[in-house]
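Working notes, beginning with the structure itself.
Note that the structure is a prediction, hence the values are computed from the model and not measured. Note that these values count all heavy atoms, side chains included, but never hydrogens, waters or copies made by symmetry.
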Amino acid sequence: MILKRPQASRLQSELAHRILKSLKDQSAQPGHHLVELDLCQAFGVSRTPIRGALQLLAAEGLVTPRAGRGFVLAKLPGPAIKEEAADEEDDQRLFDALARARGAGKLADMFTQQEIVRRFQVRLGTVMDVLRRLKELGLIERKSGHGWAFAGDSARLLNESYAFRRALEPQMLLQPGFKLDRAWGEKARSQHQKLRKKPWRAGDGASFHAVNADFHEQLALCSGNRTMLHAIQNQNQLRQFLIGQLDYPMEQVHSAIDDHLEILAALEAGYADKAAALMLHHLTQSASQSQKDEPGAAA
């Protein structure tokens, strides 16, 4: 919840909300020490609004001041499922809006969070959540002085992503704990074949994004390796930002579908080595295509 007190500014109220959310994400326990400087760096603001936010939380009995030692967590509020869901929806809308603006060349290499707040008419808390997400994906980095900067152009970031995936994804299929979910495999085959056979229309290439992301993520899940799964989930988010708005050409989508079906058939037949070789070929071909055209090879 966003705490609202008569004397609180909007910034202080939003920061109080973000501090609580961060503590929940960390599974912080009562007695956890809140360091003002760490909070300033995490949320990109000065000490004054942070102190105001902590005072708001103290007024609610959620944090306790310690003489000369800042504040410690007293308790976290109960669950607010609807509000958290609304926060996630706001975050995703801003994520998509930034991706569209960047893809259209309308978002500069360097920017500040205040510029994003004004331009997209969103709360500071939402901006900070999304910027933190982009930073974790390696898309942006904080400038030493002020503001943020993109870590590279889309083509370079996509090429780096393909290099990482070529090293990772064939190995996923060779993990000792790999176990194909055959029910998912049947569903995935049906989805791929349906898209492969349907009359092609504008926008169908973009609709392949979800099918494509699910294919690679589910194979990571089948690997039984949580670290690999997390890496693929991050790669899917990175690709969603870089090329999620593009409409793939029919030929690229059909080629990717054929590759996916061949990989799936090899796994169903128990030929993990063959499936891994097919995956490496699939990603290599997609990377090569992305270098020839605008970033957006279907893989």
Side-chain angles (χ1 to χ4, degrees), residues 18 21-22 25-26 37-45 88 90-120 122-169 171-172 206 209 212-213 216-217 220 227-246 248 283-284 286-299:
R18 292 350 287 185
K21 185 174 185 298
S22 176
D25 291 343
Q26 299 173 51
L37 182 58
D38 290 347
L39 294 173
C40 291
Q41 293 176 343
F43 298 110
V45 296
E88 291 177 1
D90 289 344
D91 289 357
Q92 189 60 49
R93 278 194 291 268
L94 180 59
F95 182 93
D96 292 340
L98 292 175
R100 287 193 296 271
R102 183 65 176 170
K106 297 180 179 179
L107 186 58
D109 290 343
M110 298 180 62
F111 58 90
T112 66
Q113 59 236 27
Q114 288 78 14
E115 290 172 4
I116 301 299
V117 168
R118 291 193 298 269
R119 177 172 171 182
F120 294 92
V122 290
R123 296 183 297 111
L124 175 63
T126 300
V127 172
M128 295 311 300
D129 280 348
V130 173
L131 294 184
R132 193 175 302 112
R133 180 177 169 188
L134 295 178
K135 183 176 184 296
E136 290 172 354
L137 293 175
L139 287 165
I140 63 173
E141 53 193 17
R142 188 185 288 278
K143 301 300 293 180
S144 57
H146 183 60
W148 299 80
F150 279 93
D153 60 70
S154 295
R156 171 192 158 193
L157 293 170
L158 191 60
N159 287 336
E160 291 176 351
S161 172
Y162 272 122
F164 174 68
R165 293 174 64 204
R166 287 199 301 272
L168 171 66
E169 295 199 44
Q171 290 301 314
M172 286 185 336
H209 280 287
N212 181 59
H216 291 275
E217 183 172 332
T227 301
M228 288 181 168
L229 173 61
H230 181 67
I232 292 301
Q233 289 171 335
N234 281 346
Q235 289 300 305
N236 280 341
Q237 289 186 49
L238 183 147
R239 288 170 58 79
Q240 180 186 356
F241 187 89
L242 293 176
I243 58 176
Q245 313 304 318
L246 297 181
Y248 299 144
L283 294 172
T284 300
S286 297
S288 176
Q289 186 65 49
S290 75
Q291 292 173 353
K292 294 177 183 177
D293 305 323
E294 286 292 323

Begin from the C-alpha positions of Phe120 and Val127 and carry the test side-chain contact (heavy atoms from CB on, under 4.5 Å) through to its verdict. CA-CA 9 Å; Phe120 294 92; Val127 172; over 6 Å; no
Please list all pairs passing the salt bridge (charged side-chain N to carboxylate O under 4.0 Å, His left out) test where one or both residues lie in residues 142-166, with sequence neighbours left out. Arg156-Glu160, Arg165-Glu169
With the side chain counted from C-beta on, respond yes when Val130 and Leu134 share a heavy-atom pair under 4.5 Å apart, and no when they do not. yes
Pairs satisfying salt bridge (charged side-chain N to carboxylate O under 4.0 Å, His left out), at least one member in residues 95-110, at least two apart: Arg102-Asp109
In this structure, CH2 of Trp148 is separated from CE of Met110 (nearest 0.5 Å) by 12.5 Å
Out of curiosity, Phe241 CZ to Ile140 CD1, how far, rounded to the nearest 0.5 Å? 8.0 Å
Is there a side-chain contact between Gln235 and Leu168 in this structure, where contact means two heavy atoms from C-beta onward sitting under 4.5 Å apart? no
Does Arg133 reach the side chain of Gln237, with side-chain heavy atoms less than 4.5 Å apart? yes
When rounded to the nearest 0.5 angstrom, what distance separates CG in Asn159 from OG in Ser288? 10.0 Å
How many angstroms lie between atom CE of Met128 and atom OG of Ser22, to the nearest 0.5 angstrom? 11.0 Å
Distance, nearest 0.5 Å, that separates CZ of Arg239 from NE2 of His209: 8.0 Å
Sub-4.5 Å side-chain heavy-atom contact between Leu124 and Arg18: no
Are any of the side-chain heavy atoms of Gln240 and Phe95 separated by less than 4.5 Å? yes
When rounded to the nearest 0.5 angstrom, what distance separates CG in Leu98 from CG in Leu131? 7.5 Å
Within the structure provided, determine whether Val122 and Arg93 are in side-chain contact (heavy-atom separation under 4.5 Å). no
Indicate yes or no: at least one non-hydrogen side-chain atom of Asp90 is less than 4.5 angstrom from one of Asp129. no
